There are 2 protein chains.
Amino acid sequence: MIEIRELRKIYDLGAVKVEALAGVNVNILENDYVAIMGPSGSGKSTLMNLIGCLDTATSGEYFLAGERVAGLSDKQLAEIRNRRIGFVFQTFNLLPRASALQNVELPLVYAGESPSERRRRAREALEAVGLGDRMKHKPNEMSGGQRQRVAIARALVTNPAIILADEPTGNLDSKTGNEIMLLLETIYEKGNTIILVTHEEDIARHAHRIVRLRDGLIESDEVIHRA
Amino acid sequence: MIEIRELRKIYDLGAVKVEALAGVNVNILENDYVAIMGPSGSGKSTLMNLIGCLDTATSGEYFLAGERVAGLSDKQLAEIRNRRIGFVFQTFNLLPRASALQNVELPLVYAGESPSERRRRAREALEAVGLGDRMKHKPNEMSGGQRQRVAIARALVTNPAIILADEPTGNLDSKTGNEIMLLLETIYEKGNTIILVTHEEDIARHAHRIVRLRDGLIESDEVIHRA
Ligand SMILES: Nc1ncnc2c1ncn2[C@@H]1O[C@H](COP(=O)(O)OP(=O)(O)OP(=O)(O)O)[C@@H](O)[C@H]1O
Ligand SMILES: Nc1ncnc2c1ncn2[C@@H]1O[C@H](COP(=O)(O)OP(=O)(O)OP(=O)(O)O)[C@@H](O)[C@H]1O
Ligand SMILES: [Mg+2]
Ligand SMILES: [Mg+2]
């Protein structure tokens, strides 16, 4: 499903170049459940952005469902981002002037759903993350963990084939974090592919496989026995 | 040092009122080290904002070093925020167009330090959080955990009497998180007061006392034996 060969990403800041990914090789299968771990600054979010077609690599190859991503047009990339991928950003990236409901409806607007269908599905997604009573609130009228959950609901609302979640429980207490992991589990059982970045070992243990990054390279890639 | 009686905070959104704090009573001593825990949405950040004089309570009393905070002028509150309190925000709140160094220098500008002294101290604070090689980078040229560490460095650079840290390790891997906890420990040993919000039990165990919030009320307040 996802084949990555010698992927490199260099950020050029003029005076200095930062090699965020230094030649990453990884394959992720359909219905795989992978946790990506590693120190702060090791390249996790950079790798997620490349997988999610939000950014392009400096060199190397990325094949998504057999297609060479570097060869796709902007329009085709936008199509992939909207239809096949749900992204939970490390910094949430919510629209500040829109309510939780409006934020979660947005991917459904792009998908061309009718207003009543959008509303119904967005409401369902917010209830699934425990925010049924916060639908009309704007991001700055919510707690950090509530905003994180709006970002999660938005990523899941189109039922995308691939879910990329960058530290989805970073701002959640353990009980709420576990509820989110249970939600991801039900989605996983329906056949979706899940790639999640986390720095917490007990969150990572919900996955089937742990890939560890260090200094822009994969240090280890192990299947784990799930609890 | 901090005396709080029946503190209430109600957010009025017109159609709905949210009672974020429902009558909190807590005393925090000088050189205390308190961890605040509780579910997402239980009022932790709201309580931190009130303690940090960033917001005002709806009712109840807050005495800081014997002074009644509700009776202070805006100028006096700004003075307290700049001189006595260092705040690590849950959402970092860095200036997007300034470098890490400039962001960390900002509290020293308010404190009237000379440019060379500011530069020296900001550089030291960034090195203390492991970002010696990221000083010229802007926030969007850094990873999530690096931005979090810039926010921490900025809160510590004036050596404030009270440090309020809202989920300071939420975006950090365990090794980097432990380095930050060691840094807070050295500051604590110098006599500063530390109040930290965390949802991770093993981070909380670095503190001397754990206060647990639920639905805007204090559910428990226990001294713990430190590991
Ligand atoms: N500006 C606001 N306007 C309206 N409601 C708000 C506002 N800020 C917070 N709230 C609400 O007040 C309650 C407490 O929020 P607070 O941010 O203190 O929670 P928290 O314990 O820090 O949560 P988290 O662990 O998710 O960060 C939440 O239910 C939230 O929706
Ligand atoms: N836009 C950018 N410009 C320059 N350098 C960048 C940029 N984005 C990230 N970097 C650098 O690339 C490296 C990898 O960043 P990345 O965000 O992928 O790390 P990460 O593993 O997600 O870290 P964290 O756990 O702290 O979120 C870091 O050293 C960072 O400073
Ligand atoms: Mg990251
Ligand atoms: Mg909070």
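Here is the naming used below: chain letters follow the sequence lines, and residue numbers restart at 1 for every chain. Just so it is clear, the model here is predicted, and its values are computed rather than measured.
Among all heavy-atom pairs drawn from L172(B) and H199(A), the shortest one is O-CD2, 2.7 Å. Across every non-hydrogen atom of S143(A) and G41(B), the tightest pair is OG-N, 3.6 Å.
Annotation: N140(A), atom CG; neighbour count of heavy atoms from other residues, nucleotides and ligands within 6.0 Å is above 12. Residue-environment remark: CG (D12(A)) exceeds the threshold of 12 foreign heavy atoms within 6.0 Å. For D215(B), the CG atom sits in a loose shell: 12 or fewer heavy atoms of surrounding residues, nucleotides or ligands are nearer than 6.0 Å.
For chain A, the nearby part of T91(B) is the side chain; its heavy atoms alone come within less than 4.5 Å. Neither the backbone nor the side chain of Q148(B) comes within contact range of chain A; no heavy atom of the residue lies under 4.5 Å from a heavy atom of that chain. Contacts of T169(B) with chain A are made by backbone atoms alone, with heavy-atom separations under 4.5 Å and no side-chain atom involved.
Contact of the E141(A) side chain with the V18(B) side chain is not registered, since no non-hydrogen atoms from C-beta on lie closer than 4.5 Å.
When each of E167(A), R149(A), E201(A) is scored by its heavy-atom pairs under 4.5 Å with chain B, the top score falls to R149(A). Each of L13(A), T176(A), V16(A) has some count of heavy-atom pairs under 4.5 Å with chain B, and the biggest count is that of L13(A). Of the residues considered (M142(A), E200(A), K136(A), R147(A)), E200(A) shows the highest number of contacts with chain B, using heavy-atom pairs under 4.5 Å. Per-residue counts of heavy-atom pairs under 4.5 Å with chain B were compared for R134(A), K44(A), H137(A); the largest is that of H137(A).
To the nearest 0.5 angstrom, S174(A) atom OG is 6.5 Å from M37(B) atom CE.
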